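Input: a single structure, listed below in structure tokens.
In the text below, chain A, chain B and the rest are named by the order of the sequence lines, each starting its count at 1. Fair warning: this is a prediction, and the values are worked out from it, not measured in the lab. Just so it is clear, the values below take in all heavy atoms, side chains as well, and ignore hydrogens, waters and symmetry mates.
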There are 2 protein chains.
Amino acid sequence: MASQRPGPNLSRIATSLGVSVATVSNALSGKGRVSDALIERIRAHAAELGYVPSQAGRALRTGRSGVLGLVLPDIANPLFPKIAQAIEYAASAAGYGVLIADSRGDITAQTEAINRLVERGVDGMVVVPRRATRISGASCPVAVIDTASTPGNTVAADHWQGGKEIAAHLAGLGHRQILIIGNNHESNVQNDRAGGIRAGLQPGMRSETLWIERLEAETGVGCRLGLAEKAGQGFTAFAALSDLQALRALTELQQEGISVPADVSVTGFDDLIWSPVVTPSLTTVRMDMDTIAEIAVSALVDRINESGTREGVLVTAETERVPMQLIVRQSSGPANPAQKTSEMENM
Amino acid sequence: MASQRPGPNLSRIATSLGVSVATVSNALSGKGRVSDALIERIRAHAAELGYVPSQAGRALRTGRSGVLGLVLPDIANPLFPKIAQAIEYAASAAGYGVLIADSRGDITAQTEAINRLVERGVDGMVVVPRRATRISGASCPVAVIDTASTPGNTVAADHWQGGKEIAAHLAGLGHRQILIIGNNHESNVQNDRAGGIRAGLQPGMRSETLWIERLEAETGVGCRLGLAEKAGQGFTAFAALSDLQALRALTELQQEGISVPADVSVTGFDDLIWSPVVTPSLTTVRMDMDTIAEIAVSALVDRINESGTREGVLVTAETERVPMQLIVRQSSGPANPAQKTSEMENM
DNA sequence: GTGCTTCGCTTAATCGTTTAAGCAACTGCA
DNA sequence: TGCAGTTGCTTAAACGATTAAGCGAAGCAC
């Protein structure tokens, strides 16, 4: 019934060559004492037979599955592709597989998802936490990717610095009144980004923050953001805390006849897939996901190799903040002098 | 060295209760002959100790890992979140974990990714193939999710029918000249969608197709699509084959002062994350990913359970096409009579 | 009461790998 | 020659689960 694996195993190689399984194992892993000649013969024969070690056998013996878990709790997060891709790449390079667990946005489901991963015997996991959830002690090393201000964060993009880049960019273009557009004021990431923008403002500049979820709670989902009115009040730059909000702002402004970047500028965060192809293409700030993933995975792998005891621990990395990179495109331009003052309110 | 798993195992439960491991195994799986009373005692004790079966041990013995592979070769595909989420959910419901393998868009890497999954001992895999690649015989059951016209396709959204829905919708609004905007003319999915649109046109209607990749090959990446000129030629509806292209069309039109939907209509495909929140919100066609994933996974699981021999086979499902659902939003409206004829060319 | 079946549990083998321990044979040194 | 140390391989015991086979005891029929 239990279909035997098709490929050859150690013992097949061993009998076929007239040696013991232990020798084959040693030869392939390079661990024990085997003569160079025999190592060569064994390796050649293994390759010829297309030998693939059984992860199950190895996992059972070593207590290590060679698999990392990836928990992505935010439903349909547009960053998902980049994160998953980067983590998979880094893990794969380190010889690990990646088991995904999505909790469909549900907070209790996050714990369930983590448990499923643990039951499957992952050696560690990378968690991109939902909002401000604490990771309850899973029984394996955990790396958290969120933002520096999240307690227990392992590594993340330097959202604060990204915000300062945006502020500096807009300041350099002559903007004085900036409307920050965020989605959720409880998000650590968005708060850090907004904080960075505010910290980067120069004397004489002011900002205001619009949280979409709050607005939608009053006015209904998908409502107008009322950006035309804000432009009338003298705001010349709209700094969204994510490209998704930037896109929403951009299209709303365009629809109401306000030209970007001639009349006002719009910026985003994350360099999501559509940012280069919309018109005008979006000025944004990109996170170096590959580096972040590599740091997270190697911190995890280090901890796995070092600790014999399989305790659940939040791992730490040397580099906690990875710089973000400003990508200047068409959606940001010099401040329109006509809108610099508040005279437009009366138009 | 090999850290022993923290939790209790069968033998711990067995000795603790003074019975044999086999009995414990039988009691928990409900397979052998064990008295009801003892089953109850064993289950209770296992639960109390927080027993979690070792997947490694089970996998080794049964030859089944309880893990499915998910191969998503298109780099940063915006559908990734929905697909991964749906597959993970369906697999999880069927008691399987999901191991991801992204091949970063590289075609040879697709084979590598598949091999990595096989080496990790997946019981089967779901492949969303890149372009028109054939899946070379992996040594496990494979379900392909692409489109009906792809050879070996297991299940997919009915892209053709989706196209017809769009055509019918636009026809009903009085549009007569439709510009189909696709990205890649080698994509089976996009061809089916375009074919469906053309098949759905009514007498007196005509369509033209614009492939962005071709245009970009001449004019450069991120170039204008020249939709204003097309509008001048009498096209009143722009039917993109993906929401990404729809977004590109929408923003280009808005930027050039053409109002959507007052002057022209724009539609997309896939109901991607931004579609409801842009202004105007996008009329699109949504695929039922949950159903598709469920069909793919259950076809896979059926095949896994039935076949003792672990051959590589493309599995088939009863339902090959899952209907798509038209989502009418703001970006499509009645055809503007002023643009119906070709008089605008001279304006 | 004898023989047969069924019940309820145990024994033991097995999956494929790793790795500690053991054991010849050989080397080097006195 | 004798003894220690090294080399090169083998033996065997795990890891944790599943499952076929075995085996007393009890139930049942004649």
### Task
Using the closest heavy atom to pick a nucleotide of DNA chain C for each, name whichever of B:V34 or A:T23 lands nearer the 5' end.
B:V34
### Value in whole Å for how far the C1' atom of C:dG8 lies from CG of B:N26
10 Å
### Query
Pick the nucleotide of DNA chain C nearest each of A:S25 and B:L38; which residue has the one closer to the 5' end?
B:L38
### Message
Can you measure B:E119 atom CD to C:dT17 atom P for me and round it to whole angstrom units?
### Response
12 Å
### Query
Below 4.5 Å, heavy atoms only, C-beta onward: do A:R116 and B:E88 meet side chain to side chain?
yes
### Query
Are B:D288 and B:T291 close enough that a side-chain donor and a side-chain acceptor fall under 3.5 Å?
yes
### Message
Checking contacts here: which listed nucleotide (C:dC9, D:dG8, D:dA17) is nearest the side-chain heavy atoms of A:R33?
### Response
D:dG8
#### Entry: side-chain N/O B:S54 vs D:dG16 OP1/OP2, d < 4.0 Å
no
### Summary
All heavy atoms of A:V315 vs all of A:A299, minimum pair found to be CG2-CB, 4.1 Å
### Summary
From CD of A:Q55 across to C1' of C:dC15 the rounded distance in Å is 15 Å
### Task
Output the single nucleotide from C:dG16, C:dT10, C:dA13 whose closest atom is nearest the side chain of B:R61.
C:dA13
### Query
Would you say D:dT18 has OP1 or OP2 under 4.0 Å from some side-chain N or O of B:R58?
yes
### Query
When we call it a touch if two heavy atoms are under 4.0 Å apart, what does B:S35 touch: a base, just sugar-phosphate, or nothing?
sugar-phosphate
### Query
Can you tell me if the side-chain N/O atoms of A:K31 get under 4.0 Å from OP1 or OP2 in C:dT19?
yes
### Message
Regarding B:A56, tell me which of base, sugar-phosphate or nothing describes its non-hydrogen contacts under 4.0 Å with the strands shown.
### Response
nothing
### Task
By nearest nucleotide on DNA chain D, pick out whichever of A:G18 and B:L10 is the more 5' one.
A:G18
### Message
Set out, in order, the CA-CA distance, both residues' side-chain angles and the distance that settles salt bridge (Lys or Arg N to Asp or Glu O under 4.0 Å) for A:E48 and A:R43, then state yes or no.
### Response
CA-CA 8 Å; A:E48 184 188 352; A:R43 294 227 167 124; over 6 Å; no
### Task
Output the single nucleotide from C:dT18, D:dT10, D:dG16 whose closest atom is nearest the side chain of A:L60.
D:dG16
